[in-house]
Participant: 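Pasting in a structure now, in structure tokens, and then I'll have a few things to ask.
Lettering of chains follows the sequences in order, A, B, ..., and the numbering in each one begins at 1.
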2 protein chains.
Amino acid sequence: MPDHDKLNAPEATAARTERGLQTRERILDSAARLFYIKGVGSTTLDDVRAASSTSKSQLYDHFPDKTALIHAVIDVQSQSVLAREAGHLKGVRNLSGLRRWRDALVQSNMLHDGSYGCALGAMSSELSDNDERSRTALAAAFENWQRLLVEALTRLRDLGVLRSDIDPRKLGTGLLAALQGGYILAQNRHNPELMADALDMALDRIDSFANR
Amino acid sequence: MPDHDKLNAPEATAARTERGLQTRERILDSAARLFYIKGVGSTTLDDVRAASSTSKSQLYDHFPDKTALIHAVIDVQSQSVLAREAGHLKGVRNLSGLRRWRDALVQSNMLHDGSYGCALGAMSSELSDNDERSRTALAAAFENWQRLLVEALTRLRDLGVLRSDIDPRKLGTGLLAALQGGYILAQNRHNPELMADALDMALDRIDSFANR
DNA sequence: CCATTGATGGACGATATAGTCCACTAATGG
DNA sequence: CCATTAGTGGACTATATCGTCCATCAATGG
């Protein structure tokens with residue numbers, strides 16, 4: 001594939017070959033995993049370098065500084081989470097669809113006994129008050145996440161599964177908050193059941209709006 | 001008051017005078033505030049030193065290292081949060097008492113437009129996967145917090161306000177998760193209303209168990 | 001096969017931060 | 001008033017970590 005030499009973008013990315021792009025992906029993947037497991041602040045660039053089998057110059061060739069790497073990881077994780085969630089939520093047409101969404105999250109959380117929490121929630125908690133750009137990027141991700149939930153709830157309402165007088169926006173907020181809070185409790189006590197209980201309470205509330 | 005020279009404790013604290021204890025309090029208060037606002041990892045000992053108007057030697061006279069300071073702050077914040085929550089929850093004898101608990105939290109969150117989140121939740125998210133001792137200390141705090149909620153719900157049940165077949169433990173988990181998740185969403189989007197919505201959904205669920 | 005450009009490796013420098021040390025001051029008991 | 005102990009101030013060291021730089025290697029087009 002021929003290169004295009006597009007230098008028009010405000011933050012022009014230098015021309016890259018296939019090999020260079022793969023290196024970039026490797027760095028991003030490693031950074032995302034380390035940020036998730038150790039936290040952003042506790043991850044050094046040398047950790048990233050080692051985990052991705054690259055060198056210092058490669059890191060700085062692809063990302064001007066650590067902050068830029070963080071922003072890039074936020075984008076990657078946002079897309080990853082939203083893609084996963086869209087996959088689960090787009091097809092929800094009844095209440096058991098929502099329960100399956102819950103089951104998937106709980107099961108995934110059980111795999112590591114609650115540890116690490118939510119990739120977006122953890123970064124938000126750590127970065128929101130220190131880096132405005134990170135905060136807004138994560139805020140956008142959370143808004144999209146909530147939108148997926150609101151759309152699912154609206155769909156259920158329009159299908160007649162839920163009563164017509166519900167407020168999908170508020171219920172979506174509650175659902176997402178229950179999930180995030182569940183992540184925190186489960187992570188802290190190494191007990192995924194707490195996340196299950198939190199989600200169940202929110203889902204029970206939604207069930208109570210079901211048309212019989 | 002005469003000194004006692006008690007050197008029996010495993011981690012013997014050196015004898016202290018009133019002045020020394022005040023310095024220690026000043027360090028702890030400053031550290032707690034900075035950890036809360038900037039995060040633990042982003043707060044340097046020099047920040048603490050400056051904020052508390054002390055010197056390096058005083059920091060290390062009272063705390064062997066930064067980790068010890070973190071643990072001490074966790075204790076302080078745990079006691080502070082639990083005292084506050086106990087004050088609000090111990091006297092709850094009807095559903096509007098729970099609503100007042102909610103109102104206090106939401107209002108306090110509005111004061112800084114959602115920023116900073118929950119002192120315990122933020123530290124838990126940042127430290128749980130990196131420092132086992134911090135994790136267990138915070139886990140104990142969360143358990144006690146939840147216990148206050150469970151006790152209030154049990155009281156409402158025993159008073160006949162709530163139906164006798166409710167599960168106070170699960171509802172308490174849901175309530176605490178809604179609060180923690182609400183903190184995260186509110187912090188991230190600078191919008192305390194998200195916390196209000198999250199708490200309301202949990203409270204509405206509890207309302208639905210009220211004896212008419 | 002050579003020239004040019006991108007990719008790589010790692011040494012190196014600058015700085016921030018945790019932690020040490022010691023001289024000095026304040027307080028207290030005899 | 002002296003001696004002893006607690007408390008204080010801040011210079012200093014060691015090290016971790018961000019970020020720079022340049023020499024070398026790989027790939028690709030002519």
Side-chain angles (χ1 to χ4, degrees), chain A residues 1-7 12-31 34-35 38-73 126-127 130-131 134, chain B residues 1-7 12-31 34-35 38-73 126-127 130-131 134:
Chain A
M1 197 151 288
D3 44 25
H4 298 283
D5 271 29
K6 42 184 164 185
L7 294 169
T13 52
R16 296 283 131 163
T17 66
E18 188 57 32
R19 190 163 62 122
L21 289 177
Q22 281 180 5
T23 301
R24 185 191 153 92
E25 289 306 305
R26 211 146 23 93
I27 292 171
L28 265 182
D29 284 356
S30 300
L34 287 168
F35 287 175
K38 304 182 48 167
V40 175
S42 303
T43 300
T44 71
L45 292 183
D46 217 60
D47 292 335
V48 176
R49 190 197 51 68
S52 58
S53 299
T54 51
S55 68
K56 226 42 181 314
S57 68
Q58 287 167 286
L59 251 54
Y60 280 89
D61 192 26
H62 290 285
F63 306 95
D65 55 19
K66 190 180 179 183
T67 307
L69 178 60
I70 293 171
H71 294 328
V73 167
E126 187 175 352
L127 302 172
N130 291 317
D131 175 6
S134 292
Chain B
M1 200 149 288
D3 45 25
H4 297 284
D5 272 30
K6 42 184 163 183
L7 294 168
T13 54
R16 296 281 126 156
T17 66
E18 189 55 34
R19 188 163 63 123
L21 289 177
Q22 280 180 5
T23 301
R24 186 192 153 93
E25 287 306 305
R26 209 147 24 95
I27 293 170
L28 266 182
D29 283 356
S30 299
L34 286 168
F35 287 175
K38 304 182 48 166
V40 175
S42 303
T43 299
T44 71
L45 292 183
D46 217 58
D47 292 335
V48 176
R49 189 198 52 68
S52 58
S53 298
T54 51
S55 68
K56 227 41 181 314
S57 69
Q58 287 168 288
L59 251 55
Y60 281 89
D61 191 27
H62 289 286
F63 306 97
D65 54 21
K66 189 181 180 182
T67 308
L69 177 60
I70 293 171
H71 295 326
V73 167
E126 185 175 354
L127 301 171
N130 290 317
D131 175 6
S134 291

Participant: Once you round it to whole Å, what is the distance between P of dA7(C) and CD of E25(A)?
Facilitator: 14 Å
Participant: Let's see if you can work this out: which of dA18(C), dT20(D), dG9(C) has an atom nearest to the side-chain heavy atoms of S55(A)?
Facilitator: dG9(C)
Participant: Roughly, in whole Å, what's the span from CZ in F63(A) to C1' in dT20(D)?
Facilitator: 18 Å
Participant: Toward the 5' end of DNA chain D, which comes first, L45(A) or R26(B), by nearest nucleotide?
Facilitator: R26(B)
Participant: Tell me: CG of D61(A) to C1' of dG19(D), nearest whole Å?
Facilitator: 14 Å
Participant: Supply the atom-to-atom distance D61(A) CG to K56(A) NZ, rounded to the nearest 0.5 angstrom.
Facilitator: 14.0 Å
Participant: Can you give me the closest heavy-atom contact between K38(B) and N130(A), atom names plus distance?
Facilitator: O-ND2, 3.1 Å
Participant: Would you indicate which nucleotide in dC18(D), dG19(D), dT8(C) comes nearest to any side-chain atom of T44(A)?
Facilitator: dC18(D)
Participant: Do you know which two heavy atoms are closest between S30(B) and V48(B), and how far apart they sit?
Facilitator: CB-O, 4.3 Å
Participant: Rounded to whole angstroms, how far apart are CG on L59(A) and C1' on dA11(C)?
Facilitator: 16 Å
Participant: Determine yes or no for a side-chain-to-main-chain donor-acceptor pair under 3.5 angstrom, with R26(B) supplying the side chain and S52(B) the backbone.
Facilitator: yes
Participant: Just the rounded figure in Å: distance from P of dG9(D) to CG of D46(B).
Facilitator: 14 Å
Participant: Rounded to the nearest angstrom, tell me the gap between atom CZ in R49(B) and atom C1' in dT17(C).
Facilitator: 12 Å
Participant: Taking CG from D47(A) and C1' from dT17(D), how many angstroms apart are they, rounded to a whole number?
Facilitator: 10 Å
Participant: Please report, rounded to the nearest Å, how far the P atom of dA18(C) is from the NZ atom of K66(B).
Facilitator: 5 Å
Participant: Output yes when at least one side-chain N/O atom of T23(A) is less than 4.0 Å from OP1 or OP2 of dT8(C), else no.
Facilitator: yes
Participant: Would E25(B) and L21(B) count as a side-chain contact (heavy atoms from CB on, under 4.5 Å) here? Give the steps.
Facilitator: CA-CA 6 Å; E25(B) 287 306 305; L21(B) 289 177; 5.6 Å; no
Participant: For the side chain of Q58(A), starting at C-beta, report the closest nucleotide among dT8(C), dG19(C), dC18(D).
Facilitator: dT8(C)
Participant: Is there, by distance only and without an angle test, a donor paired with an acceptor across the side chain of K56(A) and the base of dG19(D) below 3.5 Å?
Facilitator: yes
